[in-house]
Amino acid sequence: MRIDAVVFDCRDAGPLARFWAEALGWQVALEDDSEVVRLATAGVHDLEDDPSVMVEPPEEDGALPRLFFVEVPGSKVTKNRVHLDVIADGDLGAEVERLEALGATIRDWAEEDGGVWCVMLDPEGNEFCVMPPEDAA
């Protein structure tokens, strides 16, 4: 068994999918012809209004799950029960600043057992942690 996708419920799938694609260096999946027809049949004629958007890892990382963003009514009201931990490619502070420029916000800085990481919120308020590079320990 393996994880196929991590699914995020959200208010606006397109912008949140683009945030995560840019944050991770992944790609928003392109719509194939059958998907465009399916959406049109459902009354969605502008792909920006697609209520479900997939973000795919680079092909060389094929073992990683896809991220799937699905619009749902209502807003997030409590802390996530599951969150992503991402590892900074370089300096932790610079990575946090880059993510802020993309639309994330800092919730808190955490410290435990001599390690420091940043707890952030994506543009819809979903928590995720930015960890220092593995060689920084």
Side-chain angles (χ1 to χ4, degrees):
M1 179 167 38
R2 69 178 182 86
I3 296 173
D4 178 56
V6 176
V7 180
F8 289 73
D9 290 348
C10 58
R11 289 185 311 268
D12 197 357
L16 193 57
R18 286 191 299 278
F19 166 82
W20 279 104
E22 183 69 25
L24 296 171
W26 293 12
Q27 294 184 77
V28 172
L30 299 175
E31 306 286 358
D32 62 20
D33 291 341
S34 63
E35 181 66 4
V36 171
V37 169
R38 184 192 70 77
L39 289 169
T41 302
V44 177
H45 300 288
D46 183 347
L47 293 179
E48 190 62 30
D49 296 329
D50 188 348
S52 57
V53 180
M54 185 175 11
V55 173
E56 298 176 314
E59 287 186 28
E60 62 270 13
D61 291 330
L64 293 174
R66 299 170 291 173
L67 302 180
F68 200 55
F69 299 87
V70 180
E71 291 180 8
V72 297
S75 298
K76 177 182 172 298
V77 293
T78 63
K79 183 179 181 326
N80 293 14
R81 302 269 317 233
V82 174
H83 70 269
L84 300 178
D85 284 355
V86 297
I87 298 173
D89 286 333
D91 178 71
L92 179 61
E95 190 69 48
V96 168
E97 288 178 9
R98 183 182 76 84
L99 293 166
E100 284 182 301
L102 294 175
T105 56
I106 296 173
R107 191 182 112 218
D108 198 8
W109 285 90
E111 184 174 353
E112 185 176 301
D113 296 328
V116 175
W117 65 94
C118 187
V119 180
M120 300 193 79
L121 305 173
D122 74 13
E124 288 204 10
N126 299 301
E127 293 94 357
F128 66 101
C129 295
V130 183
M131 313 302 289
E134 292 174 339
D135 60 4

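Residues Pro58 and Gly25 come closest through the heavy atom pair CG-O, 4.2 Å. Pairing each heavy atom of Ala13 with each of Pro51, the nearest pair is CB-O, 3.9 Å. Heavy atoms only, all atoms of each residue included: Pro65 and Val6 are closest at CG-CG2, 4.2 Å. Phe128 and Ala104 get closest at one heavy-atom pair: CZ-CB, 4.1 Å.
Residue pairs that meet the salt bridge (Lys or Arg N to Asp or Glu O under 4.0 Å) test with at least one member in residues 81-107, sequence neighbours left out, are Glu95-Arg98.
Atoms CZ and CG, on Arg18 and Leu102 in that order, are 12.0 Å from each other to the nearest 0.5 Å. Note: Leu99 CG to Cys118 SG = 8.5 Å, rounded to the nearest 0.5 Å.
Through direct or relayed side-chain contacts under 4.5 Å between Ile, Leu, Val, Met, Phe, Trp and Tyr, Trp117 connects to Ile87, Val119, Met131. Using a 4.5 Å cut-off between side-chain heavy atoms of Ile, Leu, Val, Met, Phe, Trp and Tyr, Leu121 forms no hydrophobic cluster with any other residue.
Within a 6.0 Å sphere centred on CD of Glu71, other residues, nucleotides and ligands contribute more than 12 heavy atoms. Other residues, nucleotides and ligands contribute over 12 non-hydrogen atoms within 6.0 Å of the CD atom of Glu111.
Arg66 is linked by a salt bridge (charged side-chain N to carboxylate O under 4.0 Å, His left out) to Asp4, counting only residues two or more places apart in sequence or in another chain. Applying the side-chain hydrogen bond (donor to acceptor under 3.5 Å, both in side chains) criterion to Asn126, with sequence neighbours excluded, gives Asp122. A search for salt bridge (charged side-chain N to carboxylate O under 4.0 Å, His left out) contacts involving Glu22 returns nothing, not counting sequence neighbours.
The hydrophobic clustering, which links ILVMFWY residues whose side-chain heavy atoms are closer than 4.5 Å, places Met54 and Phe69 apart. Connection of Leu84 to Phe19 is established within a shared hydrophobic cluster, with ILVMFWY side chains joined at heavy-atom distances below 4.5 Å, either directly or through further cluster members. Both Val130 and Leu64 are members of a single hydrophobic cluster when ILVMFWY side chains are connected at heavy-atom separations under 4.5 Å. No chain of hydrophobic side-chain contacts below 4.5 Å, direct or via other Ile, Leu, Val, Met, Phe, Trp or Tyr residues, connects Leu16 to Val70.
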Passes side chain to side chain contact (heavy atoms under 4.5 Å, CB included), Arg11 versus Glu124? Steps please.
CA-CA 8 Å; Arg11 289 185 311 268; Glu124 288 204 10; 3.7 Å; yes

Apply side chain to side chain contact (heavy atoms under 4.5 Å, CB included) to residues Cys129 and His83 and explain how you reach the verdict.
CA-CA 8 Å; Cys129 295; His83 70 269; 3.6 Å; yes

Side chain to side chain contact (heavy atoms under 4.5 Å, CB included) for Val96 and Trp109? Distances and angles first, verdict last.
CA-CA 11 Å; Val96 168; Trp109 285 90; 3.9 Å; yes

Please lay out, stage by stage, how Trp20 and Phe68 fare under the test ring pair (Phe, Tyr, Trp, His ring centres under 6.0 Å).
CA-CA 10 Å; Trp20 279 104; Phe68 200 55; over 10 Å; no

Can Leu67 and Leu24 be said to form a side chain to side chain contact (heavy atoms under 4.5 Å, CB included), step by step?
CA-CA 11 Å; Leu67 302 180; Leu24 296 171; 3.7 Å; yes

